[in-house]
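A short worksheet on the structure shown next.
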Amino acid sequence: MSTNPLPTDKPAVVTCGLPYANGNLHIGHMRTYVSGDALSRSLRKLGQKTAFVCGSDMHGTPVAVNAWKEGKSPREFALFWHEKYKQTFLGMSIEFDNYGHTDDETNTMLTREIVRKLDDSNHIYDKKILVAWDPVEDQPLPDRYVEGTCPHCGATARGDECDDGCQRHLEPGEVLNPKSIITGNEAEYRNKSHKFFRISDFQNYLQGFINRLEGTTNAKNQPREWIDGSLHDWCITRNIDWGISYPSDEKTDLVLYVWVDAVVEYISSTKQYSDRVGSTLFDWEEAWKQDGEIIHVIGRDIIQHHAVFWPAMLHGSGYSEPRAIMATGFVNLNKKAFSTSRNRAIWVDDYFSEDFDPDLLRYYLVTVGSLQDDIDFSWANFADKVNGELVGNIGNFLYRSMLFAQREYGGAPEKQVSKEVQDRIQEAIVEFSNSINNYSLRNSALSGAKLAQYGNAYIQQNEPWKLLKNNPDLAAQIIRDCVQICKAVCILLSPTMPNTTQKLWEEMGEFGSIHQVTLSESLESPPLSFEPPSEPFMPIDDKKIKKLDNKLEQQITSPSNPEKQSLVSQDNGQKRIPFEHFQKLDLRVGKILTAKEISGSEKLLKIEVDIGSETRQIVAGIRKFYSPDDLIGKSVVVITNLEKATIFGTESNGMILAAGDTADLLTTYANSPPGEKIR
RNA sequence: AGCGCGAUAGGAUAGCCAGGAUAUUCCGCCGGGCUCAUAACCCGGAGAUCGGUGAUUCAAAUUCACCUCGCGCUACCA
């Protein structure tokens, strides 16, 4: 990277944090991608050679777990979302020069090559750690494959994090009563050898790097705690069979941790772009190995990965470091965080289904607040912004000016642009360019919006409609100025609103793509003839907002999860559960071996049941209806993965199913043996 | 708990790094103008002592210290 102002003569790469191929995208996600898209378009406006790349993040435990839940292979599952994302980005006019995925050949090769280099230069070592294991299936249970009790707060927690309770990170071996989330089997911890990346080797380097790094202040400061403190080495392998296998001469069944190959996709995707268009148009090696301008646009939750692990990996394997990290804040919904599990979100598909132009949301996301701050979305705010700024100000100015010009002069009047207007446009160009160099997309977009505002005041105060009779020469001059402003406004806003500005560009009689021209074109003469313009933006009326708010309200109060939505329906007022909820129950045939009364209790029996793999002790409230002797040898249905309970001082490890108030025991029709799974 | 980011009129938001006199802009509100334009546009007005306390300074929204609240990160969450 360089510290010269942009544009430089080096190629630039703009990347966005990889979407994890695990479910639908909402407008909060879009903030990162719209910002990346607007940034790369803006850089090109400055004349910077730029590649805008990204890809889907395919690997990792959550994909594997969710694929398993849907009965699909991880690859099939992740590819489904990968294809879906491509459509989503297309719909939002987010145009990557290359959009790959982490499971493709380029990334697999490049990732292994980079890791091998780190290994060869002795930055990687082996260390034995505790790994949760399913002893019955003889399977490792990494990260989220394990569930248990949080040792800190007692809530149900995943193996890696107490996600429902105190949010604390959990080390392997910490979670109590660990169980496999797949089989429900109790997990045990085994000592396994894993690969560790010695980040401490790079402490000095990183301390220099973080001082050079440009971008948002959160990205520049947050990693200092680690970099200036002590750097822990990073475990970069996992025991699952979904991922990129560890590059090694010895035989290994380790795969790389998803965060290793995810970031390498930035390089891989650039390489694919180069390979496609040829290295004269864009040379990926020049960008990544000879100090190109690499700019990462990410969500502020993944700063450490990009400002600590990633530069260390790059530096250790001979690649250039990023110039800037732009970490976006989150998008809140009516002041509260999005919650995908509660369906408290505006999904991009929902936005599309309302037939809104993507430009409206793009403008909203870019201009509503500073990039690194959290912003709020509500349909009312959205409509305010569209109606006030886009329809009333920008759209109105463009429309009234171009309509006037077309009607009276058939296009731009044959006059020279006035000094005043030329200077004002020049000022906007400088503002745009400075904003990009300060990594403020908001200000870069506002340079165009403010110019339109100036235009409205300019036309209003000069009243060319009055001048037409008394001073037609001056009227023509004023309108010529306005058309020039229109042209400049379109160019300045084209990174934020690519569709609308392209349409206006054509209506203005310009040829080709507005995205090919640079800022200086703003001062070139507009065409002398063009067709009548159309209205660039349509207002959103109150009824529509109410409708959208109601829809959102309904969506939030309904209990469904977005991914499960299609499986959930209301029927006879009864709540339906998705099939996978049923799948979570481990129901098995059991054979009652012994049954004893529990002294002091009128209702309870202590029962030992053979469930095939083991004998379970279960406490059942059926003493009133059965004598212990009658029960022995009976086949029953047992929930085996119910959490343990202590009833009347006796441990109960499961539940025997019975019907109605008389505890009519459920049994099998034929003679399935104990342990048979019920489905 | 530690660290990071943030808190500015009724709502939203700029300025903070490089301290300077009436704190920006938008929505809403009040008054006026215009009629080319999508009841859009333009001009004027009211409304914030800039989360709290203290310090530095001729001067603090801006620097420093402490505190409160919100959000995030804390390495095995992608």
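Every chain is numbered from 1 and lettered A, B, ... according to where its sequence line falls, protein lines coming before strand lines. Keep in mind that this is a model prediction, so the values were computed, not measured.
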Please check the phosphate of C41(B) (OP1 and OP2 only) for any side-chain N or O of Gln461(A) closer than 4.0 Å. no
Face-to-face contact Trp226(A) to A75(B) six-ring, under 5.5 Å, under 30°: yes
Gln222(A) vs G72(B): side-chain N/O to OP1/OP2 distance below 4.0 Å: no
Does the side chain of Lys220(A) get closer than 4.0 angstrom to OP1 or OP2 of G4(B) through an N or O atom? no
State the pairing partner of U22(B); accept Watson-Crick or G-U wobble contacts with both distances under 3.5 Å, and report none otherwise. none
Side chain of Gln460(A) (C-beta onward), nearest among G2(B), C36(B), C71(B): C36(B)
Closest of C27(B), U38(B), C73(B) to the Asp384(A) side chain is C27(B)
Of Asp373(A) and Asn438(A), the one whose closest nucleotide on RNA chain B sits nearer the 5' end is Asp373(A)
Kindly state whether the pair Trp465(A) / C36(B) counts as stacked, where counting means centroids closer than 5.5 Å and planes tilted less than 30° apart. yes
Let me spell it out: for each of Gly369(A) and His59(A), pick the nucleotide of RNA chain B with the closest heavy atom. Which residue's pick is nearer the 5' end? Gly369(A)
Looking at Asn221(A), does any N or O in its side chain come under 4.0 Å of the phosphate oxygens OP1/OP2 on C5(B)? yes
If pairing requires Watson-Crick or G-U wobble contacts with both distances under 3.5 Å, which nucleotide is the partner of G70(B)? C5(B)
